[in-house]
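Beneath this line is the structure, given in structure tokens, with notes to follow.
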Amino acid sequence: MTLLVALAVLCTLSFNTTQSCKIPDDLKGAKAPGDIIIGGLFPVHEKVENLVDLKRPVNQNCKGFDVRGFVRTLAMIHSIEMVNNSTLLPGVKLGYEIYDTCAEATVAMRAALRFLSNSSSNCVQVQCNYTDYLPTVKAVVGSSLSEVSIAVARILSLYLMPQISYSSSAEILSDKTRFPAFLRTIPSDYYQTKAMAKLVHISQWNWVGTISSDDDYGRSGIDNFIADAENLGVCIAFREVIPSYSSDKVTNDRIKRIVNTVVNQSSVNVIIVFAKGSHVINLFKELSVHNVNKTWIASDSWSTNRNVTHLETIHKIGNIVGFTFKSRNLSKFENYVKTLPINSAAGNTFLEDYHWLRSICADIQNNELETCISNLTQNPKFIRHSKHNKLTNRRSWEDDFLVNNIEPGFISSIHWSVIALAHALRNLLKCNEERCQKSFDFAPWMVKKFQFDSSGEFISGYDIVMWKSVNGKMEFNHTVAEYNIQEDNFTIKDARFKILKKITSECSKHCQPGEIKQSSQGQHTCCYNCVRCNNNTFSNTTDAQMCFVCLEDEWAPIKSAKCYKKVFSFLDWTDGFAIVLLAFAAFGIVLIIVIAVIFIKYMDTPSVKANGGVMCFIMLFSLLCSFASVGFFIGTPTKITCKIRQPLFGISFALCVSCALTKSFKILLAFNFNPAEQENLKHFYKPWAIKGICTGLQIVICTMWLVFDGPQPHKESKRFPKEILLECNEGSYAAFAVMLGYIAFLSLICFMFAFKSRKLPENYNEAKFITFSMLIYFISWVTFVPVYVTTQGKYLPAVEMVTILSSTYGILGCHFFPKCYIILFKKELNTTSSFLKNLYDYSLKSVTVITNSPISVNYSSRESISNSTKIINTTLASHIHFKNSNCQTSVNSNYPIFANGRTNKFYRKRIASW
């Protein structure tokens, strides 16, 4: 904007004025006449001397002849000659003016002013309207460095003169509002930095450093890379900048500090460098002293710089991976530079300088030739003073020195720049295969764009090269991969590219599956600790951010990468403990069947009758059901098994206890010698009613339990880490407790009745056995409650099974085993006489207790027996109310006491009551 204001002021002062100018002689370059002139800007020398302490505007001297810059000028000349020798612009000859920028913006701007000079006056005319302004040059190819191109583009944009750069990649140049006339045949750094970030990402590097030159190219390139890399989760360990316009001492001090940073950052093994080639050389020279072995990602500015490859210590630096521009077949250009004729140097000061330098260093090998040329040109005055020294008489140098300094990407871009301009001119001049129809006098802005996008860029792609040592020399001509901008991916051309994934550059080691990243406050996101996932959580990816919870039917140990299915757990039929319990239950059923057979066979014997007769079979059936209920506690719980097992046991055992209660109540009634009590109790003795009511209440309890909140199969997956417990949820535990409590209540009454009648005849004391069985029941179920409450897992049903078996075996053993023993092994006791004798002896003891005096019976004296019988009969009659009985039991006459009819009738009643 300032430039426009200044020009406007000058316009008012010098309108319609013309002043002739003289072209300065110190602008080194190459020129060729033509109908249309194309300008060129190339860094043929490396730098300008005495830039720091400049006191006044003077012509600056360049030093350090750059062979690669010289080869680039040859590429432009060769491309223009190819166009002139083709039918692309028939009847039109392209000329050129190529100037040296010396890699400095101010030098390049002087050349740009020359391009803007009027063809008639050779001066830059100040005008108010430049629409019809006709400068000498119609378009410009260059420059190389983004810093230089930006400065030149601001001047050329005033006239909308097309400027096509072959290597300036700074993203800022894509802004058409600031640089409307700037074009380029390479992609913007926007794509290069995006490709670099992707390379870092796919190589799994998350901890990298960056180094850049302090210029527009370096700053914008590194800024873009950091933004792209951080979006992909890459962290920047350090960001260093090399001054571009400071004194050598300041620059060298800064490089030393950068080297210290690189050396101290041992975990950073990958460094991205957006810098000038001269800066990279100084940096690597300093690093080689420390034997630093890193992986360097080179931007296009130095990825194919042979000054860097020729460093003696380059092998100590590490791996170098470079991004270069796409290239074409350069065989024709290689042949061109191999045989440069000396007599073509007219109008080309670059070629003159090269011929002279080449003649001085003619006897030096190719690998040292470039150093020789560079050293000769460090003092520009030496070249000027010695310029006319002897020249060789050779016609040309037919060797590969210049070929080895060809940068395929840059040379191809220069060629495409010239070809693009030629096609634009063909369209502008309305050319066909024979001639061009329009005049050559046109304003630069009329040249059309050709094969460029809206940002003025030629979208191609990048070649990725890896430097390698060949015969002791570092080479980079081999492409290992290509980057496609449109598809945003890499195409591998060489297996060496895969080596990059073996290189690690991480702040922290990767968290393995089963771990998660945990960053400390203030740390980079790439610097973290790895924390193990807890039980029942997992992470199945590397560097996971969080642990995921397993599903309800899954489990996972600590630091697990996956979840495992929980196994179903239940008391299986094949379980050893279940087999033992089933064996006991089956054995109990077998015993019941055996006992039933025995009792049926000896149904009419006193032992069977004393055991209740038909009632004993009801008890055996109920015990059999109790044993059978054990089987429903084993196996996979189902709705049927869960609903059957508890009611089956509860009802069957209640029936068994009600039978035992009936028996104990009958015994208590039969041998109660208190007439008043016996009279009151006999009204309640209804055997079938007692059994029916007691069992019926249990049936009601179980039915209500099943209807309202009965047992159901249930999968318990939370209590156990690796198992899903298949169990029967009892539903209403209150109903469960009522069922068991009701059995306990019946057992307690039975125990009280039996305990009161425990002192009956020794061999046939049913009450005593009932008492023992109830005691076993109480012990079993009192033990059951705390064990059941505290037990978890698949063996919980086994606790109840053990209790059922123990209480059932207690009743079976106490009620039926003694009778079977007498029936099978003590047959002499299984007679009515034996019963009567035991009863008689028990009666004598009872009479003694009642009369408080012993009775002595002398069986040798009939009179004594008769007197004793009278005493017993009288005593019994005074205390016992006899009930009528039709007992037909025969009396053994060996016992004279039973000769009395009334006494005989009494004992018959007692036997019948048993």
Side-chain angles (χ1 to χ4, degrees), residues 27-45 65-89 92-102 108 111-112 114-115 136-144 162-167 185 327-358 373 395-425:
L27 277 177
K28 285 184 174 290
K31 300 179 183 178
D35 299 316
I36 298 174
I37 305 299
I38 306 298
L41 295 173
F42 295 90
V44 181
H45 287 81
F65 189 85
D66 188 351
V67 177
R68 279 163 304 283
F70 168 62
V71 172
R72 294 175 190 176
T73 65
L74 297 178
M76 179 175 173
I77 295 171
H78 178 253
S79 297
I80 290 177
E81 290 179 357
M82 289 179 64
V83 172
N84 289 337
N85 294 329
S86 70
T87 60
L88 190 61
L89 294 172
V92 178
K93 181 182 178 181
L94 296 181
Y96 55 83
E97 289 187 14
I98 303 174
Y99 297 110
D100 184 7
T101 66
C102 301
R114 168 61 191 148
F115 294 150
T136 304
V137 173
K138 303 300 183 182
V140 177
V141 175
S143 174
S144 176
Q163 175 190 358
I164 306 179
S165 176
Y166 53 87
S167 66
T185 52
S327 61
R328 65 183 186 92
N329 189 337
L330 299 177
S331 58
K332 291 183 179 180
F333 180 67
E334 290 175 358
N335 293 330
Y336 175 78
V337 299
K338 276 183 179 179
T339 56
L340 283 176
I342 292 177
N343 58 13
S344 67
N348 191 335
T349 59
F350 304 139
L351 187 57
E352 292 177 7
D353 288 348
Y354 173 72
H355 281 160
W356 182 84
L357 293 168
R358 186 73 172 84
I373 292 175
R395 182 173 179 273
S396 65
W397 286 277
E398 295 184 1
D399 55 37
D400 293 330
F401 175 65
L402 290 180
V403 174
N404 291 336
N405 282 277
I406 291 176
E407 302 162 296
F410 288 99
I411 302 304
S412 298
S413 295
I414 293 170
H415 173 78
W416 289 328
S417 298
V418 174
I419 297 301
L421 281 173
H423 278 279
L425 291 171

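This is a predicted model, so every value here is computed, not measured.
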Between [X] and [Y], what is the shortest heavy-atom contact and its length?
{"X": "I164", "Y": "S417", "answer": "CG2-OG, 3.3 Å"}
{"X": "A422", "Y": "V83", "answer": "CB-CG1, 3.9 Å"}
{"X": "V403", "Y": "E334", "answer": "CG2-O, 3.9 Å"}
{"X": "R72", "Y": "I411", "answer": "CA-CD1, 4.2 Å"}
{"X": "L88", "Y": "H423", "answer": "CD1-CE1, 3.6 Å"}
{"X": "T101", "Y": "A108", "answer": "CG2-CB, 3.7 Å"}

Rounded distance (nearest 0.5 Å) linking atom [atom1] of [X] with atom [atom2] of [Y]:
{"X": "S413", "Y": "R328", "atom1": "OG", "atom2": "CZ", "value": "10.5 Å"}
{"X": "N348", "Y": "I98", "atom1": "CG", "atom2": "CD1", "value": "7.0 Å"}
{"X": "T185", "Y": "I414", "atom1": "OG1", "atom2": "CD1", "value": "8.5 Å"}
{"X": "M82", "Y": "H415", "atom1": "CE", "atom2": "NE2", "value": "5.0 Å"}
{"X": "S143", "Y": "Y99", "atom1": "OG", "atom2": "OH", "value": "14.5 Å"}
{"X": "L41", "Y": "T73", "atom1": "CG", "atom2": "OG1", "value": "12.0 Å"}

Flag side-chain contact, heavy atom, 4.5 Å: [X] against [Y]:
{"X": "L425", "Y": "L94", "result": "yes"}
{"X": "Y336", "Y": "I77", "result": "yes"}
{"X": "L351", "Y": "H355", "result": "yes"}
{"X": "F65", "Y": "H45", "result": "yes"}
{"X": "F115", "Y": "I37", "result": "no"}
{"X": "L421", "Y": "V141", "result": "yes"}
{"X": "L402", "Y": "F70", "result": "yes"}

Is there a donor-acceptor pair closer than 3.5 Å between any side-chain N or O of [X] and the backbone N or O of [Y]?
{"X": "N405", "Y": "R68", "result": "no"}
{"X": "S327", "Y": "S412", "result": "no"}
{"X": "T349", "Y": "G29", "result": "yes"}

### Plane angle bin for Y354 and F401 - parallel if under 30°, tilted between 30 and 60°, otherwise perpendicular
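Answer is parallel, since the angle falls under 30°.
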
### Query
So F410 and Y166, would you call those rings parallel, tilted or perpendicular, with 30° and 60° as cut-offs?
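The arrangement is perpendicular - the two ring planes meet at more than 60°.
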
### Query
Among all residues two or more places apart in sequence or in another chain, which pass the side-chain hydrogen bond (donor to acceptor under 3.5 Å, both in side chains) test with H78?
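Not a single residue meets the side-chain hydrogen bond (donor to acceptor under 3.5 Å, both in side chains) criterion with H78.
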
